[in-house]
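To keep things clear, I will list the structure first and then write my remarks on it.
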Amino acid sequence: MTERVVSGDLNSVDREQEAQLRPQNFSEFIGQNKVIDNIDLMVKSALMRKSAMDHVLLSGPPGLGKTSLAMLIAKALGSELHLVSGPAIEKKGDIAAVLTNLKPRDVLFIDEIHRMHITVEEILYSAMEDFRLDILIGQGASARTMQIDLAPFTLIGATTRSGLLSNPLRDRFMAHLNFDFYEPKMLAKILFNNSLKMGIDLSENAKMQIAQRSRGTPRIANRILRRVRDFALVNHSKTIELKEVEAALSLLDIDSLGLDSMDRKILTVMKHYYQGGPVGIEALAATLGEDKQTIEEVYEPYLLKEGLLLRTPRGRALSEKAINHIL
Ligand SMILES: Nc1ncnc2c1ncn2[C@@H]1O[C@H](COP(=O)(O)OP(=O)(O)OP(=O)(O)O)[C@@H](O)[C@H]1O
Ligand SMILES: [Mg+2]
């Protein structure tokens, strides 16, 4: 698979380099003020009560800072963070092992919690509510439930699709915090901090241009910043100016609205195959040869937010803006 620069999704190169650019404390975590205000209160209260922080659900498109925030929360609580991916836990025994390993006030972060297996999810209900593990032992008439007490812990669930969470699970989170796409001004602050961390000199115009073409997503802004840095390095430019950014963006195939080739392919297919829609998501996915869930979770949110794509009762349709943008 080729690297999709504009996708908020994580690839292995990102994973390595992201560690370096991750905010190390709350002052480096830019924006999302509503989320941060809630977290600040919950962390302070937990510290004063000397008990585990309440469970919290973080939702929003990829690359907006859910994992980074979970790391900061654990650090602020002085607790150990355990990171697991929802779909990777396949058996009841696996989640039981994770839960019984938690120490008092530890933080368990479950990524992609909407994709957890239902049998695994059911174990979480009593674990979250009563810090208790209910396990069925044996079968038929001789079956009995065994209960194991757990250490009071905090569950932080992260999801790109909070709508897909079951009600029993959703209800067990005390707070539901939703991440929004970042305004260019906020991305510019993140870019400035990261340019310092990377030891590069970024002109004001260059910074704003990257911010405007990063799809409201810090992960993408960081990815573009690294490419621009490479470009400047190879071309022996000392300060990164607008022209280096333009050249790098054009190499990366990112257009004036921050869309990449896959975004444009979606809009182009809708315009030319489906006369601008409305078209059902299944038909669109089949024509594009792309997974329906990926379209909904990765590509669509930003296209909707920018008013390029519209949701109608009969499917997705292009807006005037999209029709004019796509040739
Ligand atoms: N508010 C922020 N301030 C500064 N940097 C941020 C912020 N949010 C995200 N970043 C940067 O973006 C990168 C990606 O963020 P993160 O991995 O936390 O996203 P995510 O929401 O967990 O994504 P996913 O849904 O793909 O797991 C981080 O490594 C960090 O450098
Ligand atoms: Mg994450």
Side-chain angles (χ1 to χ4, degrees), residues 3-40 56-76 81-88 107-116 155-165 176-198 200 202 207 210-211 214-227 229 293-294 296-302:
E3 181 193 359
R4 184 175 182 260
V5 177
V6 170
S7 147
D9 275 352
L10 207 59
N11 58 40
S12 54
V13 184
D14 276 336
R15 230 178 278 280
E16 274 177 40
Q17 307 204 352
E18 244 177 29
Q20 182 202 350
L21 298 183
R22 255 189 219 292
Q24 298 301 313
N25 51 58
F26 280 104
S27 67
E28 286 182 18
F29 192 92
I30 308 298
Q32 307 293 349
N33 294 343
K34 241 198 311 203
V35 173
I36 294 297
D37 288 349
N38 275 284
I39 291 297
D40 186 51
V56 49
L57 180 67
L58 308 178
S59 62
L64 299 193
K66 299 181 293 295
T67 303
S68 304
L69 182 61
M71 290 177 170
L72 292 180
I73 293 172
K75 199 168 167 185
L81 179 69
H82 304 251
L83 287 158
V84 298
S85 157
V107 176
L108 173 61
F109 178 77
I110 305 187
D111 213 354
E112 295 187 85
I113 197 163
H114 63 287
R115 290 176 55 202
M116 214 161 34
L155 180 65
I156 302 182
T159 176
T160 45
R161 297 287 301 283
S162 66
L164 296 184
L165 235 64
H176 297 185
L177 305 176
N178 188 43
F179 282 63
D180 293 322
F181 285 109
Y182 292 70
E183 294 304 325
K185 213 174 69 191
M186 293 299 162
L187 291 177
K189 282 190 189 175
I190 295 175
L191 285 163
F192 176 73
N193 288 346
N194 291 343
S195 69
L196 293 182
K197 283 189 188 175
M198 292 164 74
I200 55 180
L202 198 59
K207 186 179 70 185
I210 301 175
S214 299
R215 276 176 135 257
T217 307
R219 176 174 295 146
I220 297 172
N222 288 342
R223 211 179 276 174
I224 297 174
L225 183 62
R226 291 198 299 262
R227 290 297 182 85
R229 184 259 331 260
Q293 197 169 337
T294 309
E296 288 182 315
E297 291 179 18
V298 179
Y299 306 109
E300 213 182 45
Y302 189 72

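The basis for the numbers below is simple: all heavy atoms, side chains too, and nothing from hydrogens, waters or symmetry mates. Numbering of ligands and ligand atoms starts at 1, following listing order.
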*asked:* At less than 4.0 angstrom from any non-hydrogen atom of I190, what atoms of ligand 1 do you find?
replied: 2 (C), 3 (N), 4 (C), 5 (N)

*Could an N or O of ligand 1 be found under 3.5 Å from any N or O of L21, whether backbone or side chain?*
yes

*Between R115 and E297, is there a side-chain N and carboxylate O pair less than 4.0 Å apart?*
no

*Heavy-atom contacts with D111 under 4.0 Å: which atoms of ligand 1 show up? List them by number with element.*
27 (O)

*Show which atoms of ligand 1 fall inside a sub-4.0 Å distance from at least one heavy-atom site of N222.*
11 (C), 12 (O), 30 (C), 31 (O)

*Numbered atoms of ligand 1 (with element) below 4.0 Å of R22, judged on heavy atoms*: 16 (P), 17 (O), 18 (O), 28 (C), 29 (O), 31 (O)

*Say you draw a straight line from CG of N222 to CZ of R229; how long is it, rounded to the nearest 0.5 Å?*
11.0 Å

*Who gets closest to atom 25 (O) of ligand 1 by heavy atom: Q24, E112, R223, K66?*
K66

*Quick check: does F29 get an N/O under 3.5 Å from an N/O on ligand 1?*
no

*May I ask you to test the V56-N38 pair for a side-chain heavy-atom distance under 4.5 Å?*
no

*More than 12 heavy atoms of other residues, nucleotides or ligands under 6.0 Å from NZ of K34: is that the case?*
no

*For ligand 1, which atoms sit closer than 4.0 Å to a heavy atom of Y182?*
1 (N), 2 (C), 7 (C), 8 (N)

*Who pairs with Y302 by ring-ring contact (aromatic ring centres under 6.0 Å, His included), at least two apart in sequence or on another chain?*
F181

*Should D40 and F26 count as side-chain neighbours, where that means a heavy-atom distance under 4.5 Å?*
no

_Sub-4.0 Å atoms of ligand 1 with respect to non-hydrogen atoms of P23_ = 4 (C), 5 (N), 30 (C)

*side chain to side chain contact (heavy atoms under 4.5 Å, CB included) between I190 and Y182, worked out*: CA-CA 10 Å; I190 295 175; Y182 292 70; 4.2 Å; yes

*asked:* When you measure from the side chain of T217 to the backbone of R215, do you find a donor-acceptor pair of N or O atoms at a distance under 3.5 Å?
replied: yes

*May I ask you to check whether G31 has an N/O atom sitting below 3.5 Å from an N/O atom of ligand 1?*
no

*Quick one: do the D111 and S85 side chains pair a donor with an acceptor below 3.5 Å?*
no

Let me have the donor-acceptor pairs involving side chains of residues 64-72, under 3.5 Å, with sequence neighbours excluded, atom names and distances please.
unit_1 : atom_1 : unit_2 : atom_2 : d
K66    : NZ     : G60    : O      : 3.0
K66    : NZ     : P61    : O      : 3.0
S68    : OG     : R22    : NH1    : 2.8

*Nearest option to atom 17 (O) of ligand 1, as decided by whichever heavy atom of R219, E297, M186 sits closest*: R219

*Nearest non-hydrogen atom to atom 9 (C) of ligand 1 belongs to which of G65, S85, A158?*
G65

*Any nitrogen or oxygen of N194, main chain or side chain, under 3.5 Å from a nitrogen or oxygen of ligand 1?*
no

_Using 2.8 Å as the threshold, say whether any N, O or S atom from T67 sits that close to the Mg ion (ligand 2)._
yes

*For E28, counting its heavy atoms only, list the atoms of ligand 1 lying under 4.0 Å from any of them.*
3 (N), 4 (C)

_Regarding ligand 1, does G63 bring an N or O atom to under 3.5 Å of one of the ligand's N or O atoms?_
yes

